[in-house]
Novice: 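Handing you this structure, nothing more for now.
Letters A, B, ... are given to chains in the order of the sequence lines, protein chains preceding strands, and every chain is numbered from 1. Any value given below was found using the heavy atoms of this structure, including those in side chains, with hydrogens, waters and symmetry copies removed.
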Amino acid sequence: MTDIALTLNARAELATIIRRFFAARNVLEVTTPVLSQHAVTDPAIDSFLIDDQPRRYLRTSPEYAMKRLLCSGAPDIFELGPVFRAGESGRRHNPEFTLLEWYRHDFTMHELITEVVDLLAECAVPGAAEDPVILTYRDLFLRELGIDIDVVDNTTLSRLAHDEGLQGNGPFERQELLDMLFASRLQTTLQPTDVAVITHYPKAQAALAKLDPVNPGYALRFEVFIRGVEIANGFEELRDAVEQRERFATDNHRRLARGQPEVTVDERFLTALASGLPACSGVALGFERLLMVTAGFASIDQAMTFSWPLA
Amino acid sequence: MATFSTNEFKSGLKIIIDNDPCTIVENEFVKPGKGQAFNRVKIRNLKTGRVVDKTFKSGESVEAADVMETDMQYLYTDGEFWHFMVPDTYEQYAADAAAVGDSSKWLKEEDVCVVTLWNNSPLLVAPPNFVELKITETDPGVRGDTAQGGVKPATLETGAVVRVPLFVEEGELIRVDTRSAEYVSRVKD
C-alpha cells in the first residue's frame with residue numbers, strides 16, 4: 001500500500017468510528033460556516049483573513065457557531081471539519097487541520113472527560129480503556145516543580161523558566177512563563193502516561209470556560225494528553241454574556257499590549273449567549289493528532305491528505 | 001545586525017546565543033491549543049561543542065551569526081598560530097590554539113581541513129576524516145602474529161598516539177580515522 005493510501009484509509013476509518021460513536025449516543029452531526037465575519041479574540045491564535053469584500057476570516061474553531069445553534073434550541077451536536085490557524089506549523093501542527101468538536105447538554109466537566117476517554121477507547125487508543133490520570137493544573141506544577149502557582153511570584157517563575165532554557169529578554173507575561181514551563185517541562189513528564197487529563201486551568205486561561213464556583217481563581221477547563229501530546233481541550237461552558245464580553249475586552253487589551261491588531265467582537269454570538277445558552281459542556285479534539293496516535297504517524301504531515309507544503 | 005525570526009528556524013541555521021555562535025541542531029514548534037507558542041530548539045555551541053535545549057517565544061528575533069565553513073589547506077604552524085589557505089583564492093587565515101584544539105595532532109601540511117570562520121576569523125578547525133601519517137616510534141613488530149589481533153601504541157609524525165596492530169612497523173605510513181582516533185590500515189607507498 002502506498003503512503004497516501006495508508007493515510008486515506010486511516011482518515012476514513014477514524015472518521016467512521018467517530019460518526020458511529022456519536023450516532024449511538026444520539027449526538028447530531030452539524031455543519032457550520034468555515035468563513036466568518038469575525039475572528040477569534042484570543043491573542044495566541046491568529047486567523048487567516050480572506051481579504052475580499054466583504055472581509056471574512058477562516059474559522060479557527062466552530063465554537064461560536066455551534067454555541068449559537070445551542071442557544072437556538074439545538075440538541076447535542078458534533079462537527080468534524082476543517083479549521084485554520086495562521087503560523088502554526090511544525091511536527092504536530094499544520095495551519096489547516098480537522099477539528100472534532102462536540103457539545104453535550106447538562107454534562108459537567110467530569111462527565112464530558114469520561115465521554116472523551118470513552119471515545120479514545122473506541123478508537124483503540126492504548127491505555128484508554130483504563131481510568132485516566134486526572135490531575136489539576138495547580139497540582140501538576142506542585143508535583144513536578146514544587147511550586148504553588150497560587151502564591152509563587154513572577155521572579156521565581158521567570159528564574160525557573162530561564163533554568164529550563166527560556167531565551168530572550170522578555171518581558172514575559174506571567175501566563176507566558178506558565179505556558180513555557182508547562183510546554184517544555186510538565187508536558188514531558190506526562191509522556192509515560194497513556195491518557196492524562198489536566199483540569200482547572202487558571203482564570204487567565206479560562207477562554208470560554210465557566211469559572212469554578214468553589215475556587216473562582218480557576219476555570220472548569222480541561223485538556224487531554226496522550227503520552228504527553230495535547231489531544232483535546234474542553235470546557236464546562238461559560239453562559240454569562242456579560243462576563244464573556246469582559247473576557248473578549250481583556251483579550252483585546254492583551255492584543256494591543258502585544259502589538260497585535262484588535263479584533264471586533266462577534267455581537268451575534270454575544271446576543272445569542274444573552275438569550276440563554278443551556279447548561280452544557282463542550283470539547284474540541286484534534287483529528288490528525290488522534291490519527292497520529294492510532295495510525296502511528298510520527299509527523300502530522302503523514303496524517304494530512306496533502307500536508308501544508310504540498311497543499 | 002542581521003537577525004532571524006523564530007519562524008525561519010531550521011537545522012543548520014547559525015545564531016548568536018549568550019554571545020557565542022551556535023548552530024541549530026533541531027527545531028520544534030510547540031504550542032498549547034490556548035496559549036503562547038514557542039520554538040524549542042537543540043543548539044550546538046560552536047565554540048565548546050556543547051548541545052543544549054533552548055526555548056524561544058515564537059515570533060521573537062535572534063541575532064544571526066556570521067559563520068561559514070570553508071575547505072582550507074593546512075600550511076604550517078609557527079608555534080603560536082596554525083596557518084591555512086583557501087586553495088582557490090590563496091587567502092590565508094591564522095587559527096589560534098583555541099580554534100585548533102585537539103585537531104592539531106592530526107594536522108599534516110597540505111591536508112585539506114574544514115575551517116569554520118566566525119566574523120571572518122577561524123573558530124574551529126576540523127581535520128579530514130581520514131589522514132595518512134608516518135609512524136615515528138613504536139615497538140618492533142612481531143612476525144607471524146597477524147591474526148591474533150594484539151595491539152601496541154604508535155607515535156605518529158604529528159605527535160598523535162594511536163593503537164596499531166603488532167605487525168605494523170616504525171617508518172610505515174598508516175591511515176587513521178580522526179573521528180575515533182583509530183587505525184584503519186597500512187598505506188603502501
Novice: Work out which heavy atom in A:A44 is nearest to a heavy atom in B:G35; give both atom names and the distance.
Specialist: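 Scanning both residues, the minimum pair turns out to be CB-O, 3.0 Å.
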Novice: With a cut-off of 6.0 Å (strictly less than), are more than 12 heavy atoms of other residues, nucleotides or ligands near CD of B:E137?
Specialist: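 No - once you tally the heavy atoms of other residues, nucleotides and ligands closer than 6.0 Å, there are 12 at most.
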Novice: Which residues in residues 171-182 of chain A have any heavy atom closer than 4.5 Å to a heavy atom of chain B?
Specialist: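 Within residues 171-182 of chain A, near chain B: A:P171, A:F172, A:E176, A:D179, A:M180.
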Novice: Roughly how far, to the nearest 0.5 Å, is the CZ atom of A:R92 from the NZ atom of B:K31?
Specialist: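 The NZ atom of B:K31 sits 15.0 Å away from the CZ atom of A:R92.
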Novice: Does A:R227 have any salt bridge (charged side-chain N to carboxylate O under 4.0 Å, His left out) partners at least two apart in sequence or in another chain, and if so, which?
Specialist: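 With sequence neighbours excluded, A:R227 shows a salt bridge (charged side-chain N to carboxylate O under 4.0 Å, His left out) to A:D194, given in chain and number order.
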Novice: Does any backbone or side-chain atom of A:S89 lie under 4.5 Å from a heavy atom of chain B? Answer side chain, backbone, both or neither.
Specialist: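 For A:S89, the backbone is the part near chain B, not the side chain.
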Novice: What distance separates A:I45 CD1 from B:K34 NZ, expressed to the nearest 0.5 Å?
Specialist: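 Between A:I45 CD1 and B:K34 NZ, I get 4.5 Å after rounding to 0.5 Å.
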Novice: Kindly check if the number of other-residue, nucleotide or ligand heavy atoms within 6.0 Å of NZ (A:K203) is above 12?
Specialist: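 Atom NZ in A:K203 is not packed in, count stays at 12 or less.
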Novice: Pick from B:V62, B:I17, B:T6: which one makes a side-chain contact (heavy atoms from CB on, under 4.5 Å) with A:Q167?
Specialist: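 By the side-chain contact (heavy atoms from CB on, under 4.5 Å) criterion, A:Q167 pairs with just one of B:V62, B:I17, B:T6: B:I17.
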Novice: More than 12 non-hydrogen atoms from neighbouring residues, nucleotides or ligands closer than 6.0 Å to CZ on B:R50, yes or no?
Specialist: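 Counting other residues, nucleotides and ligands, CZ of B:R50 stays at 12 neighbours or fewer.
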Novice: If we define contacts as heavy-atom pairs under 4.5 Å, which of B:Q36, B:E28, B:E60 has the most with chain A?
Specialist: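 That would be B:Q36.
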Novice: Do any N or O atoms from the side chain of A:R91 and from the backbone of B:V30 form a donor-acceptor pair under 3.5 angstrom?
Specialist: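 Answer holds: no.
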Novice: If you count every heavy atom of other residues, nucleotides or ligands that lies below 6.0 Å from B:D102 atom CG, does the total exceed 12?
Specialist: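 Atom CG in B:D102 is not crowded, with 12 or fewer foreign heavy atoms closer than 6.0 Å.
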Novice: Under 4.5 Å from any heavy atom of chain A, what part of B:N7 do you find: side chain, backbone, both or neither?
Specialist: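 For B:N7, neither part sits under 4.5 Å from chain A.
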